[in-house]
Amino acid sequence: MRTCGEVDGVRRLSLHDHVCWVYEDIADVRKRIVDFLADGLALGQRVCYVTESAAPPGELPRLLDGLGGVDDALREGALQIQSLAHRYTGFTGVGPADQVAAYAAATREALAAGYTGFRVAAEATGLVREPEQRASFARYEHLVDRYMTREPFAALCAYDRRVLGPEATAQIACMHPMSSPDAAPFRLHAVRDAAFAVDGELDRAGQALFAGALAGADPEPAGGELLVDATGLHFIDHRSLLQLAELAERRRATLTLRTALRSVPRLIDILGLTSIRAELTS
């Protein structure tokens, strides 16, 4: 069962986990990547390292120092090493759904070869340098996160804060169920039994970020309802409730916010919101 929130490391995760790691030290993030891939191999998954390094192909295995048995894993097909340009060929032209389909195909191939699933660790900074790239990639991150709730595919997405800056990294980090500390104030992610889930804190400072996350998720109502799992939400202000109400009205749906926050029904009543209701949990 996947857990959601900030994580201090990437060890002992499951076949389905999706982590954003924001870094400022490439040596440190590559240690995280080694940890993540080592766990995948231990779980019987086929693993893939996607790197931005410009090193010649023959030198790329050296970037995984600390991962035991690299040569054997490469020879047997348990480990793949690919360039970012190869794995995400023409991302902006292919589109988010097609990139998810490519990973779904890789997962099926791994299962057919006898592995328990597929796991990728990607240095993805180069894919999100421009605002329009980040908007498209936010959509992709949500779609692939939804795929991961159903299939044995796991991913570690690494982004360089020095290159992107804190606002841009937060725009991507908030679309993951797990993130490194202080990457984003909240996380909007996929779950099986709701349109989406949101964890963390939703306040005035994150208003623009939340609007972008909602646009990236672009949830579809089920039977005229949008169920939002907010049981991991520690705080929500009235502005964020208005954003959720706007989403419900645009989708011509009733939005049900499942939450333990006792203030939410009162805020909904004060604001006179008719398209949103609270479902309190204990």
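Along the sequence shown, residues carry numbers from 1.
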Do Ile276 and Leu271 pass the side chain to side chain contact (heavy atoms under 4.5 Å, CB included) test, and can you show the C-alpha distance, the side-chain angles, and the key distance before you say yes or no? CA-CA 11 Å; Ile276 181 172; Leu271 295 169; over 6 Å; no
Other residues, nucleotides and ligands only: do more than 12 of their heavy atoms fall within 6.0 Å of CZ on Arg11? yes
Can you see whether Arg30 engages Tyr49 through a side-chain donor-acceptor pair at a distance of less than 3.5 angstrom? yes
Would you find a donor on one side and an acceptor on the other, under 3.5 Å apart, between the side chain of Arg139 and the backbone of Gly216? yes
Ser275 side chain to Ala248 backbone, donor-acceptor under 3.5 Å: no
Tightest non-hydrogen contact, residues Ala190 and Asp145, listed as N-OD2, 2.7 Å
Note: Leu257 and Ile236 closest approach over all heavy atoms is CD2-CD1, 4.3 Å
Closest heavy-atom pair and its distance - Glu123, Ser53: OE1-N, 4.2 Å
Between Phe186 and Phe210, how do the two ring planes meet: parallel, tilted or perpendicular, split at 30° and 60°? perpendicular
Check whether the side chains of Asp199 and His189 place a donor and an acceptor atom closer than 3.5 Å, and report yes or no. yes
For a quick test of reading the model, state the closest non-hydrogen atom pair linking Pro61 to Ile81 and the distance between them. CA-CD1, 3.7 Å
For the residue pair Trp21 and Val10, what are the closest heavy atoms and their distance? CE3-CG1, 3.9 Å
Without swapping roles, check the side chain of Glu52 against the backbone of Gly126 for a donor-acceptor pair under 3.5 Å. yes
Donor-acceptor pair, side chain of Arg161 and main chain of Thr169, under 3.5 angstrom: no
Sub-3.5 Å donor-acceptor pair from the side chain of Gln243 to the main-chain atoms of Gln207, do we have one? yes
Scan side-chain atoms only and decide if Thr116 and Gln45 contain a donor-acceptor pair under the 3.5 Å cut-off. no
Closer than 4.0 angstrom, basic N to acidic O: yes or no for Arg12 and Asp17? no
Quick one: does any side-chain atom of His16 pair with a main-chain N or O of Glu151 as donor and acceptor, under 3.5 Å? yes
Any donor-acceptor N/O pair, His176 side chain to Ile172 backbone, under 3.5 Å: yes
Over all heavy atoms of both residues, which pair between Leu143 and Pro96 is shortest? Give the atoms and the distance, please. CD1-CB, 4.0 Å
Ring centroid separation Tyr103 to Phe153 under 6.0 Å: yes
Quick one: do Asp35 and Arg32 make a salt bridge, cutoff under 4.0 Å? no
Does a salt bridge link Asp28 with Lys31, judged by any charged N lying under 4.0 Å from a carboxylate O? no
